[in-house]
Peer 1: 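So that we are looking at the same thing, I have put the structure below in structure tokens.
Quick note: residue numbers are just sequence positions, from 1. Keep in mind the model is a prediction, meaning the values are calculated, not measured.
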Amino acid sequence: MLAGVLGRGLTLAGIGLLAGLVFAAVGGRWVEGLLFDVEPRDPVTYAGVAVTLAAVALVACALPAWRGTRVDPADALRRE
């Protein structure tokens, strides 16, 4: 169960991350004049943002999934 929830959540986060990187690369040309000391296509910045987002998505998926694995299904159904 934990692996299934993590897999689905991280798949969605990965799709969003890829779409965001594509839009950032394309949109970088339009905001080039607003950037200070950073190139519009700086690979270090893109990598840092990608790693941070992936870590946040992992924690955001793992905590509820981990709590869900600790609940007895029969107790959860009885409470409703």
Peer 1: Hydrophobic side-chain clustering at under 4.5 Å (ILVMFWY, transitive links): who's grouped with Y46? Put none if nobody.
Peer 2: L17, L21, L53
Peer 1: Among Ile, Leu, Val, Met, Phe, Trp and Tyr joined by side-chain contacts under 4.5 Å, find the other residues sharing a cluster with L18 and list them by chain and number.
Peer 2: none
Peer 1: Check the hydrophobic clustering (I, L, V, M, F, W, Y; side-chain heavy atoms under 4.5 Å; chains of links allowed) and say if L58 and L2 are grouped together.
Peer 2: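 Yes, same cluster.
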Peer 1: Side chains of residues 62-70: which donor-acceptor pairs under 3.5 Å do they make with residues two or more places apart or in other chains?
Peer 2:
unit_1: T69; atom_1: OG1; unit_2: W66; atom_2: O; d: 2.6

Peer 1: Can you spot which of L6, L12, V56, T11 makes a side-chain contact (heavy atoms from CB on, under 4.5 Å) with C61?
Peer 2: L6
Peer 1: Which heavy atom of P40 sits nearest a heavy atom of G28, and at what distance?
Peer 2: CB-O, 3.5 Å
